[in-house]
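Take a look at the structure below.
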Amino acid sequence: QLQLVESGGGLVQPGGSLRLSCAASGFTLGYYAIGWFRQAPGKEREGVSCISSAGSRNYADSVKGRFTISRDNAKNTVYLQMNSLKPEDTAIYYCAATFSRHGPLWSPLRLDDYEHWGQGTQVTVSS
């Protein structure tokens, strides 16, 4: 059974850093693009970053230069390093997986492109 489990969330002050992890099981991570999404209270879920099966990266404009996505296929894990955090980054962060049906460079940020989702981890940025 395909499963995604997020970890690494928490409370951090503005300007601080967190690293989120997305541990995959039940499938071979190397054949999938993995995305990070977030949902703030009262807002729709939005794409944050994605990494294709070949390592191509895609970022939302709001996090470019601050967040870095990476993957370790040997550990079946994808990471999201978040630096210079702002209060507006507060949200539940989800990772999601989609089979690379459009090739190894495909790195979508649309929710509808993803079939498998984790349960989320809370990130709160506050002083």
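For reference, positions follow the sequence shown, starting with 1.
A salt bridge links Glu115 with Arg101: the distance from a Lys NZ or Arg NE/NH1/NH2 to an Asp or Glu carboxylate oxygen falls below 4.0 Å. A salt bridge links Asp113 with Arg110: the distance from a Lys NZ or Arg NE/NH1/NH2 to an Asp or Glu carboxylate oxygen falls below 4.0 Å.
No side-chain N or O of Tyr79 forms a donor-acceptor pair with one of Arg19 less than 3.5 Å apart. With hydrogens and angles left out, the side-chain atoms of Ser17 and Asn83 include a donor and acceptor closer than 3.5 Å.
Judged as a side-chain hydrogen bond (donor to acceptor under 3.5 Å, both in side chains), and not counting sequence neighbours, the contacts of Ser53 are Ser100.
Leu111 belongs to a hydrophobic cluster whose other members, connected by ILVMFWY side-chain contacts under 4.5 Å either directly or through intermediates, are Phe37, Ile92, Tyr94, Tyr114, Trp117.
In Glu44, the CD atom is not crowded: 12 or fewer heavy atoms of neighbouring residues, nucleotides or ligands sit closer than 6.0 Å. Taking a 6.0 Å sphere around CD of Gln81, one finds it holds more than 12 heavy atoms contributed by other residues, nucleotides or ligands.
Interatomic distance, Ser49 OG to Met82 CE, rounded to the nearest 0.5 Å: 11.5 Å. Rounding to the nearest 0.5 Å gives a distance of 13.0 Å between OH of Tyr32 and CG of Asn73. The line from NZ of Lys64 to OH of Tyr59 is 10.5 Å long, rounded to the nearest 0.5 Å.
Leu29 and Thr77 make their closest contact through CD2-N, 3.5 Å (heavy atoms, listed as atom of the first residue, atom of the second, distance).
Applying side-chain contact (heavy atoms from CB on, under 4.5 Å) to Thr98 and the options Cys50, Ser107, Pro108 leaves one that passes, Pro108.
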